[in-house]
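Take a look at the structure below.
All ligand and atom numbering here is 1-based and tracks the order in the structure. Model, not experiment: these values are computed from the prediction.
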Amino acid sequence: MGPPGAGKGSQSAKIVEHYVMPSISTGQMFRDAYSNNEPIGIEAMKFIKNGNLVSDDITNKIVALRLSKQDAEDGFLLDGYPRTVAQAIALDKMLDEMGTKLDAVINILSSNDVLFERMEQRRVCRTCGTTYHLRFKAPSVEGVCDKCGGELYQREDDSHESVMNRLMIYETKTKPLLDYYDKKGILFNVNGMQSFDKVYEDVELVLGEF
Ligand code: AP5
Ligand code: MG
Ligand code: ZN
């Protein structure tokens with residue numbers, strides 16, 4: 001968990017390099033569905049581009065479908081889900097049915113100044129979703145993905161207005177969830193305003209417990 005731009009996707013990529021399991025990002029699933037012209041992606045993008053949340057109903061459904069795939073049987077990492085208390089309750093029910101539970105909720109903390117700068121400088125590969133930062137994680141060739149040669153673009157929701165809205169929604173709808181997981185005793189805070197590797201070291205300290 002963490003506000004927009006905190007580094008959830010960046011740390012997820014590092015985590016699944018090390019611990020072999022699927023990384024399930026609801027935002028990325030919506031963006032992929034949109035790129036593939038799927039109706040769910042086109043519907044979701046109406047909300048995403050302005051920084052609003054997609055409905056709980058649609059979001060819970062795509063997660064339930066994704067968790068039912070075989071590669072999630074031995075564990076998985078969720079990035080950007082749940083984001084509302086209703087989603088957290090729906091997730092608890094899905095996990096109950098699967099006979100499993102969350103081991104840890106890692107919350108990446110950051111200041112708004114850092115978040116704005118990161119989202120402005122972010123570029124994403126249209127083909128494989130790899131994320132870059134024009135200064136801190138620049139591609140070798142401008143506009144081209146190092147991993148797959150795909151085209152890099154700026155996300156539709158990284159405009160200043162969308163980012164403002166996303167931060168506001170994070171504060172009102174998502175932050176209350178931290179309390180939900182803290183009460184369950186599984187919330188771990190990590191300082192996201194450090195280098196990629198230092199943040200990951202702190203994440204590993206948490207994950208090493210399991
Ligand atoms: P989503 O894709 O999840 O976006 P988000 O939560 O706004 O978070 P971001 O992906 O923007 O940031 P991040 O934390 O992954 O940071 P990143 O690693 O990229 O969701 C998008 C939208 O989809 C939502 O607004 C909503 O509309 C919809 N949606 C998704 N899930 C939903 C749900 N559950 N319910 C309803 N709607 C939902 O890093 C950011 C930048 O900073 C990059 O350039 C990166 O290279 C750089 N960076 C990262 N870490 C560091 C570091 N340590 N040092 C320097 N630079 C860094
Ligand atoms: Mg992300
Ligand atoms: Zn790529």
Side-chain angles (χ1 to χ4, degrees), residues 1-15 23-34 40-41 43-63 66 77-88 90-91 106-110 114-139 141 143-159 162-170 173-174 177 190-203:
M1 293 189 64
K8 301 183 293 295
S10 302
Q11 295 302 322
S12 295
K14 283 180 177 285
I15 292 167
S23 164
I24 301 175
S25 156
T26 38
Q28 192 58 42
M29 285 195 283
F30 288 135
R31 284 187 291 278
D32 289 344
Y34 178 74
I40 197 173
E43 181 59 24
M45 194 49 74
K46 290 183 195 161
F47 299 90
I48 294 175
K49 68 173 193 285
N50 298 320
N52 292 315
L53 292 181
V54 178
S55 76
D56 287 336
D57 197 34
I58 293 181
T59 310
N60 291 333
K61 274 191 192 133
I62 67 157
V63 173
R66 183 64 188 81
L77 172 70
L78 295 167
D79 161 5
Y81 179 89
R83 268 187 219 239
T84 63
V85 173
Q87 289 180 15
L91 174 64
I106 297 177
N107 180 40
I108 308 180
L109 300 160
S110 193
V114 170
L115 300 175
F116 269 108
E117 194 271 350
R118 284 188 184 169
M119 283 181 275
E120 191 181 280
Q121 301 284 315
R122 170 168 51 197
R123 295 295 180 273
V124 183
C125 174
R126 228 180 250 293
T127 311
C128 74
T130 299
T131 298
Y132 296 86
H133 182 287
L134 294 180
R135 279 198 297 135
F136 303 127
K137 190 177 177 256
V141 179
V144 180
C145 176
D146 289 347
K147 276 207 184 135
C148 77
E151 180 206 355
L152 302 186
Y153 79 110
Q154 187 162 26
R155 267 172 46 179
E156 286 79 358
D157 58 345
D158 278 349
S159 66
S162 266
V163 170
M164 295 270 282
N165 194 32
R166 283 157 68 199
L167 286 170
M168 204 252 303
I169 288 178
Y170 173 78
K173 301 256 174 74
T174 308
L177 269 186
V190 164
N191 175 8
M193 293 176 289
Q194 315 178 83
S195 69
F196 286 99
D197 289 344
K198 187 69 187 67
V199 178
Y200 183 66
E201 265 176 38
D202 291 355
V203 168

Seminar exercise, completed: CG (Leu53) and CD1 (Ile169) are apart, to the nearest 0.5 Å, by 5.0 Å
Exercise. Which pair of heavy atoms, one from Ala86 and one from Asp56, lies closest together, and at what distance?
Worked result: CB-OD2, 3.4 Å
Problem set entry | Where ligand 1 meets Ser195 - atom numbers and elements under 4.0 angstrom, heavy-atom basis | 53 (N)
Exercise. Near Phe136, which atoms of ligand 1 are under 4.0 Å from a heavy atom of that residue?
Worked result: 55 (C), 56 (N)
Problem set entry | Tyr170 atom OH, over 12 foreign heavy atoms within 6.0 Å | yes
For this session: Spell out, as yes or no, whether a donor-acceptor pair under 3.5 Å connects the side chain of Lys8 to the backbone of Pro3.
Result: yes
Problem set entry | Atom pair CD (Glu156) and CE (Met45), whose distance is rounded to the nearest 0.5 Å | 4.5 Å
Exercise. Taking both backbone and side-chain atoms of Ser25, is any N or O found less than 3.5 Å from an N or O belonging to ligand 1?
Worked result: no
Problem set entry | N or O contact, Asp79 vs ligand 1, cut-off under 3.5 Å | no
Exercise. Does any N/O atom on Arg166 come nearer than 3.5 Å to any N/O atom on ligand 1?
Worked result: yes
Exercise. Within the structure, does Pro82 bring an N/O atom to less than 3.5 angstrom of an N/O atom in ligand 1?
Worked result: no
Problem set entry | Within-shell test, Gly5 vs ligand 1, heavy atom, strictly < 4.0 Å | yes
Exercise. Which ligand 1 atoms does Asp157 reach within 4.0 Å, using its non-hydrogen atoms?
Worked result: 21 (C)
For this session: Report yes or no: does Tyr132 contribute a side-chain atom to a donor-acceptor pair with the main-chain N or O of Asp146 at less than 3.5 Å?
Result: yes
Exercise. Any N or O on Phe30 sitting closer than 3.5 Å to an N or O of ligand 1?
Worked result: no
Exercise. Are any side-chain N or O atoms of Gln11 and backbone N or O atoms of Phe196, one a donor and one an acceptor, separated by less than 3.5 Å?
Worked result: yes
Problem set entry | Min N/O separation Thr131 to ligand 1 under 3.5 Å | no
Exercise. To which protein heavy atom is atom 31 (N) of ligand 1 closest, and what is the distance rounded to 0.1 Å?
Worked result: Thr26 OG1, 2.7 Å
Problem set entry | Heavy-atom donor-acceptor pair, Arg166 side chain to Asp157 backbone, under 3.5 Å | yes
Seminar exercise, completed: among protein heavy atoms, the one nearest atom 16 (O) of ligand 1 is Gly7 N, 3.2 Å
Problem set entry | Other residues, nucleotides, ligands: >12 heavy atoms within 6.0 Å of Lys147 NZ | no
Problem set entry | Interfacing atoms of ligand 1 (cut-off 4.0 Å, heavy-atom, Ser10) | 17 (P), 18 (O), 39 (O), 45 (C), 49 (C)
Problem set entry | Distance from atom 46 (O) of ligand 1 to nearest protein heavy atom, with residue and atom | His133 CB, 3.4 Å
For this session: Could you check atom 27 (O) of ligand 1 against the protein and tell me its nearest heavy-atom contact, residue, atom and distance included?
Result: Asn52 O, 2.5 Å
Exercise. Does ligand 1 have an atom under 4.0 Å from some heavy atom of Arg155?
Worked result: yes
Seminar exercise, completed: Filtering Gln87, Met45, Arg135 for the heavy atom nearest atom 34 (N) of ligand 1 leaves Gln87
Exercise. For atom 28 (C) of ligand 1, what's the nearest protein heavy atom and its distance?
Worked result: Ile48 CG1, 3.7 Å
Problem set entry | Heavy-atom pair with the smallest gap, counting every atom of Leu167 and Phe116 | CD1-CE1, 3.6 Å
Exercise. Within the structure, does Gln194 bring an N/O atom to less than 3.5 angstrom of an N/O atom in ligand 1?
Worked result: yes
Exercise. Could you give the distance from SG (Cys125) to OH (Tyr153), rounded to the nearest 0.5 Å?
Worked result: 9.0 Å
For this session: Please say whether Gly2 places an N or O atom under 3.5 Å from an N or O atom belonging to ligand 1.
Result: no
Exercise. Hey, is the main chain of Arg83 close enough, under 3.5 Å, to the side chain of Thr174 for a donor-acceptor pair?
Worked result: yes
Problem set entry | Nearest heavy-atom neighbours spanning Gln154 and Met119 | NE2-O, 3.9 Å
Seminar exercise, completed: atom 9 (P) of ligand 1 sits nearest the protein heavy atom Arg122 NH1, 3.3 Å
For this session: Check if Arg31 has a non-hydrogen atom at a distance under 4.0 Å from any atom of ligand 1.
Result: yes
For this session: Check whether any side-chain N or O of Ser23 sits under 3.5 Å from a backbone N or O of Leu77 as a donor-acceptor pair, and report yes or no.
Result: no
Exercise. Do any nitrogen or oxygen atoms of Arg83 come within less than 3.5 Å of a nitrogen or oxygen of ligand 1?
Worked result: yes
For this session: Within a distance under 4.0 Å of any heavy atom of Tyr132, pick out the atoms of ligand 1 and give their elements.
Result: 43 (C), 44 (O), 46 (O)
Problem set entry | atom 13 (P) of ligand 1 - nearest protein heavy atom and its distance | Lys8 N, 3.5 Å
For this session: Start with the C-alpha distance between Asn107 and Val190, add both sets of side-chain angles, then the distance that settles side-chain contact (heavy atoms from CB on, under 4.5 Å), and finish with yes or no.
Result: CA-CA 6 Å; Asn107 180 40; Val190 164; over 6 Å; no
Problem set entry | Proximal atoms of ligand 1 relative to Gly9 (non-hydrogen, under 4.0 Å) | 13 (P), 15 (O), 18 (O)
Exercise. Which is it for Glu120 and Glu117 under the side-chain contact (heavy atoms from CB on, under 4.5 Å) test, yes or no, and what are the steps along the way?
Worked result: CA-CA 5 Å; Glu120 191 181 280; Glu117 194 271 350; 5.7 Å; no
Problem set entry | Carboxylate-amine/guanidinium proximity below 4.0 Å for Arg118 and Asp158 | no
Exercise. Can you tell me if NZ on Lys14 sees more than 12 non-hydrogen neighbours from other groups inside 6.0 Å?
Worked result: yes
For this session: May I ask you to identify, for Thr59, whether its side chain, its backbone, both or neither come under 4.0 Å of ligand 1 on a heavy-atom basis?
Result: side chain
Exercise. In terms of residue, atom name and distance, what is the protein heavy atom nearest to atom 54 (N) of ligand 1?
Worked result: Arg118 NH2, 3.6 Å
Exercise. Rounded to the nearest 0.5 Å, what separation is found between the CD1 atom of Ile24 and the OH atom of Tyr81?
Worked result: 10.5 Å
Exercise. Considering distance alone, does some N or O of Gly80 sit under 3.5 Å from an N or O of ligand 1?
Worked result: yes
Problem set entry | Nearest candidate to atom 48 (N) of ligand 1, where distance is taken over non-hydrogen atoms, out of Phe196, Tyr200, Tyr81, Tyr170 | Phe196
Problem set entry | Value rounded to 0.5 Å, distance of CZ in Arg155 from CZ in Arg126 | 12.5 Å
Exercise. Do we see a donor-acceptor contact under 3.5 Å between the side chains of Gln194 and Asp202?
Worked result: yes
Exercise. List-wise, which protein N, O or S atoms are found short of 2.8 Å from the Zn ion (ligand 3)?
Worked result: Cys125 SG, Cys128 SG, Cys145 SG, Cys148 SG
